[in-house]
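Presented below is the structure to which this report refers.
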Amino acid sequence: MVWNALLLALREIRRNVLRSCLTILGIVIGVAAVIVMVTLGGGDTAQVTAKIASLGTNLLMVRPGQRMGFGQMSTAAQFDLADAEAVEREIRSVLAISPASTAPTTAVFGNRNWSTSVTGIDNRYFGVRNWTLASGREFTDSELRAGSSVCIVGATVRKELFGAQDPLDNKLRLEKLSCTVIGLLQAKGQSTMGSDQDDLVLMPLRAFQRRIAGNQDIGLIQVSVRDGASTEQVKQDIEDLLRTRRHIAPSEDDDFQVLDMKEITQMLAGTTQVLTALLGAVAAVSLLVGGIGIMNIMLVSVTERTREIGIRLAIGALEREVLMQFLVEAVVLASFGGLTGIVLALAASVVLADLMSIPFVFNPGIVVLAFLFSAIVGVVFGFFPARTAARLDPIEALRHE
Amino acid sequence: MSDTHANTPLIELQGVTKVYGRGAAAMQALRGVDLRIDAGEFVAVMGPSGSGKSTCLNILGCLDTPTAGTYRFGGVEVGGLSRNQRAELRRHYLGFVFQGFNLLNRTTALENVELPLLYRGIHLAERHRLAREALTAVGLAEWATHTPGELSGGQQQRVAIARAIVTAPDVLFADEPTGNLDSARSREIMELLTRFNRERGLTIVMVTHEADMAAFASRSVRFVDGRVAADTRSTEAA
Ligand SMILES: Nc1ncnc2c1ncn2[C@@H]1O[C@H](COP(=O)(O)OP(=O)(O)O)[C@@H](O)[C@H]1O
Ligand SMILES: [Mg+2]
């Protein structure tokens, strides 16, 4: 019965190709919007997630100052090494910390120079940031203690200054300071914010403080949290601890920030969410309009085919058989819309993903869901016309013309 | 159902009335019809326009139900059946031929004839075989793949007859089957019906207002004003 209804439906749709195409337009747009949205959103998320994973998921970043809005930071007293050590010592779930301080600089090697930044660190930095060396070695204890003029360079700095040459044991100049390259970092690529993570020079913290910054400040404490411990809790503990150390009155706001990766992700996902909601609304409206379009055309079709329905009923078709025939037709029509939408959406997603330079992540779940949804639209909006057809009085219907 | 007990008539109407509309607009189409038709009869229903012939035929064909009175088909009270049960009854035991042919346009003669078999759930190969057989019986074997638009009126009505008899029904109901045809074509149709009545024992109830056509039947029931005014059996057929 369903098989016959399917054949009938296909034949009926073929008879009115143009009308059928126009009818399903709303569904095509709705389904396409949903799939493009989810596919591109999925690609974006995959990219963001991959980059956050490269940072280390249990990472907290503690910075002095508060975000004022739009990239502005309020000025506040910097941290010092004692703050960093206190965090490590007094908060139980902290696995490791890495104090760091950064300044912009120009690195020079031979006749080449390159604008970059220099960061003073100690060896804990590599563990906390989950970063390894491509070649060379980390700092020795004596180098750290003495604040020796040695440095480790990122892949970008290496490329810009040394080209194909091996940077190890060469001396490069940072402003007036000459230091020996002892290591090369593994390349990490772009960060979530789109900045180049490999564009940096690392040196012993003490060397940085003495010879570049000229002070004892710490601009960033990176904290890695023990596996299984609550990042939320550690964040809270750090805030409490630093508020006490910095003598902040209960009525005052923090003059520092503790960011976890989840927050950084959410910050980035925020814009995507607005877009998703917008496209979702477009999709919902299109599907609704598409559904009403199908209902309208099915009602027209029932009226046009009243006589046919009368013949079928007189011959002995049951109500549910006529209902099924028209319902199947509506569902087939809607499903065609769904399929067309899927094909268009996948094509559009491949092109758009390429243009936006995000990966194309095929999501079979949403494709199946979108198809099912279009079929359901067919059932919902086809039901009323189909029932109208099934309930016709055969005598009246036969007299219709 | 044709093998029901000899005492049970195939069709039996008792005091059947039919009222259309309500209140002041009510229209009494049938005013108490008693009628009994046995298996194998060929009945012509005659009478002036508006006398209730079609109304009566629709009730007999289980397309409609009486307002009052009883209708038994093969001993079964039709008035008590649901819409779907009546559809089942039509599907299995009844065939219809209409004045306006009522074939599905844009659908071949063969597919039109197959239609009632489809609702009986008969498989494709068997459907084809039975439909071709029926088309051959009405002399249209070579026209199987033509659509109604490509056929003459007489041919269309013969396709309709093939469609009505393809399920081997107990009764064939025909409402003015020759109403749209010239006399030569009408004659062909009547000869066809007569043949099915004689050769297959098919019971036929046919509405007509032409005496020429009624002459083919074995019995003539005359309606006037919603009542049976005369009921005569032709001596020749008896
Ligand atoms: N559906 C209907 N609604 C109202 N009146 C009807 C309907 N069908 C038939 N009638 C009326 O019932 C009477 C009998 O009609 P009908 O059985 O068609 O007569 P006939 O077939 O003998 O010409 C007519 O007066 C007709 O107008
Ligand atoms: Mg009539």
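The sequence lines fix the lettering, A, B, ..., with proteins before strands; numbering per chain opens at 1.
In this structure, chain B has a heavy atom under 4.5 Å from the side chain of A:E12, while its backbone stays farther away. If you measure heavy-atom distances from A:R305 to chain B, you find no contacts under 4.5 Å at all. With a threshold of 4.5 angstrom between heavy atoms, B:L103 approaches chain A through N, CA, C or O but not through any side-chain atom. The contact between B:E111 and chain A is made entirely by side chain atoms (from C-beta outward), counting heavy-atom distances below 4.5 Å. Heavy-atom distances place no part of B:R86 under 4.5 Å from chain A, backbone and side chain included. Interface remark: A:L318 contributes backbone and side-chain atoms alike to the contact with chain B (heavy atom separation under 4.5 Å).
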(request) Please report the C-alpha distance between A:E308 and B:R106 in whole Å, then the side-chain angles of each, then the deciding distance to 0.1 Å, and finally whether the salt bridge (charged side-chain N to carboxylate O under 4.0 Å, His left out) criterion is met. (result) CA-CA 11 Å; A:E308 174 198 324; B:R106 300 172 296 187; 5.6 Å; no
(message) Using the rule given for side-chain contact (heavy atoms from CB on, under 4.5 Å), can you reason through A:I315 versus B:R91, listing the C-alpha separation, both sets of side-chain angles and the distance that settles it, and then say yes or no?
(response) CA-CA 6 Å; A:I315 277 172; B:R91 166 189 301 199; over 6 Å; no
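Residues A:L392 and B:R83 share a closest heavy-atom pair of O-NH2, 3.0 Å. Between A:A314 and B:F98, the closest heavy-atom pair is CB-CZ, 4.1 Å.
At least one side-chain heavy atom of B:L115 sits under 4.5 Å from a side-chain heavy atom of A:R312. You'll find the side chain of B:N105 stays beyond 4.5 Å of the side chain of A:R307, heavy atoms only. Here the side chains of B:T107 and A:R11 are in contact, with some heavy-atom distance below 4.5 Å.
To the nearest 0.5 Å, atom CD1 of residue A:I311 and atom CZ of residue B:F101 are 12.0 Å apart.
Within a 6.0 Å sphere centred on CZ of B:F196, other residues, nucleotides and ligands contribute more than 12 heavy atoms. Within 6.0 Å of atom CZ in B:R132, 12 or fewer heavy atoms from other residues, nucleotides or ligands are found, so the atom counts as exposed in its surroundings. The environment of A:F384 atom CZ is sparse: at most 12 non-hydrogen atoms of other residues, nucleotides or ligands sit within 6.0 angstrom. Counting heavy-atom neighbours within 6.0 Å of A:R14 CZ, excluding the residue itself, gives a total of 12 or less.
Between chain A and the residues B:N102, B:L63, B:N58, B:L94, the largest count of heavy-atom pairs under 4.5 Å involves B:N102. Comparing A:A317, A:P394, A:G310 by how many heavy-atom pairs each has under 4.5 Å with chain B, the most go to A:A317.
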